[in-house]
Amino acid sequence: MPQEHKTIDFQGGKIHYRDEGRNCTKTVILLHGLAQNLTVWSEITLKMLHSYRVISIDLPGHGFTSMYSDDVLTMEFISECIKEVVLNAGVRDFVIVGHSWGGYVALAYAQKYPQSVKGIGLLHSHALPDNDDTIKRREKDCEEILDNCPNFILRFIPSLFGKKQSVNLSKKINTLKENCLGINPKALVAAERGMMRRSSSVPFLCRYERPVMFVYGKEDNRIPLEWGLTMASLPQHSQLLLLDNVAHMAHLEAPNIITRWLQSFIDFCYMDNLDQPR
């Protein structure tokens with residue numbers, strides 16, 4: 001295994017992550033979405049590792065990280081997994097960025113361990129709990145996953161991308177589908193159930209004093225644009241990026257824009273005056 005790949009023991013299982021640019025002083029932790037793994041960040045990581053320490057993590061049951069539960073993967077438990085990586089990597093502070101499911105984890109982690117988090121980045125994610133319609137959709141997805149997981153993956157992955165760019169991104173979409181087809185169906189169901197049971201992070205965002213970054217695509221059929229605007233109005237300091245011709249995968253649909261935006265956000269989070277008492 002290459003040097004930047006790390007595997008650590010935790011509660012009877014193993015957590016896999018990549019740790020690159022370790023000589024850099026500013027650190028960002030990247031968390032992927034459902035049915036994916038840390039490789040979705042590879043293009044962005046390659047552009048950033050010379051200026052930032054980039055730690056990307058396979059969440060439980062995804063990539064090379066153990067499943068841990070075939071019932072429910074709570075945000076709180078996954079936060080403990082992230083904490084173990086932080087301790088093992090010896091990172092004092094960092095910006096934590098999550099895509100979709102990973103964004104829910106990022107919020108849960110920042111609530112539990114706020115002292116180490118310099119800022120939060122949410123890509124196609126939000127602080128609201130699942131509403132009734134979303135819960136019904138997840139329950140339907142769980143049934144399909146257990147009945148025919150490959151069919152679910154082949155339907156689910158393309159639905160995350162905008163129709164206008166699907167032809168140009170066909171290679172990325174096919175690679176992502178191939179990477180996801182080997183996942184254990186029970187891991188997906190456990191993650192879905194964890195999302196269904198998560199609580200609201202709105203009160204936390206309303207009182208949060210560190211910067212929060214929001215990225216949304218105007219073609220995203222999972223997160224209404226008004227949700228994004230509402231989320232960005234909650235924190236004391238927020239940065240909002242709305243992208244044309246982008247659906248639910250901005251880091252793959254518009255990687256150059258996301259890289260520049262993320263670099264600017266990390267630099268802002270590490271400004272010295274942000275650490276002064278209020």
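- In this model, a donor atom of one side chain and an acceptor atom of the other lie less than 3.5 Å apart for Q111 and S201.
- R198 contributes a side-chain N or O that, together with a main-chain N or O of L128, makes up a donor-acceptor pair within less than 3.5 Å.
- Judged by distance alone, the side chain of S264 and the main-chain N or O of W261 form no donor-acceptor pair under 3.5 Å.
- Side chains of Y104 and D130: no donor on one and acceptor on the other come within 3.5 Å.
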Kindly determine whether W41 and H99 satisfy side-chain contact (heavy atoms from CB on, under 4.5 Å), including the steps that lead there. CA-CA 10 Å; W41 299 108; H99 166 248; 4.0 Å; yes
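- To the nearest 0.5 Å, atoms SG (C206) and CD (Q236) are separated by 9.5 Å.
- Side-chain contact between L234 and S238: absent, with no pair of heavy atoms (C-beta onward) separated by less than 4.5 Å.
- By the criterion of side-chain heavy atoms lying less than 4.5 angstrom apart, applied directly or through intervening Ile, Leu, Val, Met, Phe, Trp or Tyr residues, Y68 is not grouped with L87; the two fall into different hydrophobic clusters.
- Hydrophobic cluster membership is shared by V95 and I78, with clusters built from Ile, Leu, Val, Met, Phe, Trp and Tyr side chains linked at under 4.5 angstrom.
- For the pair L38/I57, no side-chain contact is recorded, criterion being any heavy-atom separation below 4.5 Å from C-beta on.
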Please walk me through it: do E20 and T45 pass side-chain contact (heavy atoms from CB on, under 4.5 Å)? CA-CA 8 Å; E20 300 173 89; T45 297; 3.2 Å; yes
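- Under a hydrophobic clustering in which Ile, Leu, Val, Met, Phe, Trp and Tyr are joined whenever their side-chain heavy atoms come within less than 4.5 Å, directly or via other members, L46 and I266 fall into different clusters.
- Under the 4.5 Å side-chain criterion, counting only non-hydrogen atoms from C-beta, S199 is not in contact with P129.
- Residues P235 and F214 form a side-chain contact, since some pair of their non-hydrogen atoms from C-beta on lies under 4.5 Å apart.
- In this structure the side chain of H62 reaches within 4.5 angstrom of the side chain of W101, judged on heavy atoms.
- The aromatic rings of F268 and H237 sit parallel to each other, their planes meeting at less than 30°, with 60° as the upper class boundary.
- Counting heavy atoms from C-beta outward, I29 and V86 have side chains that approach closer than 4.5 Å.
- Of all heavy-atom pairs spanning C180 and I153, the tightest one is CB-CG2, 3.9 Å.
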Please assess E219 against V246 for the test side-chain contact (heavy atoms from CB on, under 4.5 Å), listing each intermediate value before the final yes or no. CA-CA 6 Å; E219 290 189 22; V246 167; over 6 Å; no
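- Interatomic distance, D220 CG to F161 CZ, rounded to the nearest 0.5 Å: 11.5 Å.
- Between the side chain of H32 and the backbone N or O of L59, at least one donor-acceptor pair lies under 3.5 Å.
- Remark: aromatic rings of H124 and H248 are close, center separation under 6.0 Å.
- Rounded to the nearest 0.5 angstrom, E4 CD and R18 CZ are separated by 4.5 Å.
- With rounding to the nearest 0.5 Å, the separation of CG in L205 from OG in S233 is 10.0 Å.
- Here the closest non-hydrogen pair linking D70 and A190 is C-CB, 4.2 Å.
- The shortest side-chain heavy-atom distance between T259 and Q263 falls under the 4.5 Å cut-off.
- Using cut-offs of 30° and 60° on the angle between ring planes, the pair F94 and Y109 is tilted.
- Hydrophobic clustering (ILVMFWY, side-chain heavy atoms < 4.5 Å, transitive): M75 and M196 are in distinct clusters.
- Ion pairing between a basic and an acidic side chain is recognised when a charged N comes within 4.0 Å of a carboxylate O; D141 and K136 show no such pairing.
- The shortest heavy-atom contact between L123 and I258 is CD2-CG2, 4.3 Å.
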Stepwise side-chain hydrogen bond (donor to acceptor under 3.5 Å, both in side chains) test for D71 and S69: CA-CA 5 Å; D71 182 22; S69 174; 5.4 Å; no
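- A cation-pi arrangement is found for K118 relative to Y270, the charged atom lying closer than 6.0 Å to the ring centre and inside a 45° cone about the ring normal.
- No hydrogens or angles considered: a donor-acceptor pair under 3.5 Å links the side chains of K47 and N256.
- Between K218 and D244 there is a salt bridge, since at least one side-chain N of the basic residue sits less than 4.0 Å from a carboxylate O of the acidic one.
- Side-chain contact of Q36 with N179: a donor-acceptor pair under 3.5 Å is absent, judged by distance alone.
- Annotation for N23: atom CG does not count as buried by contact number, only 12 or fewer foreign heavy atoms lying within 6.0 Å.
- Put simply, the side chain of N174 gets close to the backbone of S170: a donor and an acceptor are under 3.5 Å apart.
- Smallest separation of non-hydrogen atoms from L160 and E253: O-OE1, 4.1 Å.
- The backbone N or O of M48 sits nowhere less than 3.5 Å from a side-chain atom of S51 that would complete a donor-acceptor pair.
- With respect to the salt-bridge test (charged N to carboxylate O, under 4.0 angstrom), the residues E43 and K172 qualify.
- A distance-only check finds no donor-acceptor pair linking the side chain of S100 to the backbone of G33 [under 3.5 Å].
- No path of Ile, Leu, Val, Met, Phe, Trp and Tyr side chains, each step under 4.5 Å between heavy atoms, connects V189 with M67, placing them in separate hydrophobic clusters.
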Take L30 and I96 through the test side-chain contact (heavy atoms from CB on, under 4.5 Å) and record every step on the way to the result. CA-CA 6 Å; L30 302 175; I96 188 166; over 6 Å; no
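- Closest non-hydrogen pair, V85 versus I15, comes out as CG2-CG2, 3.7 Å.
- Side chain of S159 to main chain of F156: a donor-acceptor pair is present (N/O by atom type, distance under 3.5 Å, no hydrogens or angles).
- Across all non-hydrogen atoms, the minimal contact from F64 to D58 is N-OD2, 2.9 Å.
- A cation-pi arrangement is present between K83 and Y113, with the terminal nitrogen or guanidinium carbon under 6.0 Å from the aromatic centre and inside a 45° cone about the axis.
- In this structure, CG in L262 is found 11.0 Å from NE2 in H251, a value given to the nearest 0.5 Å.
- There is a side-chain donor-acceptor pair under 3.5 Å between N131 and T134.
- Side chains of K177 and L154 form a contact here, defined as non-hydrogen atoms less than 4.5 Å apart.
- Between S79 atom OG and K112 atom NZ the span is 6.5 Å, to the nearest 0.5 Å.
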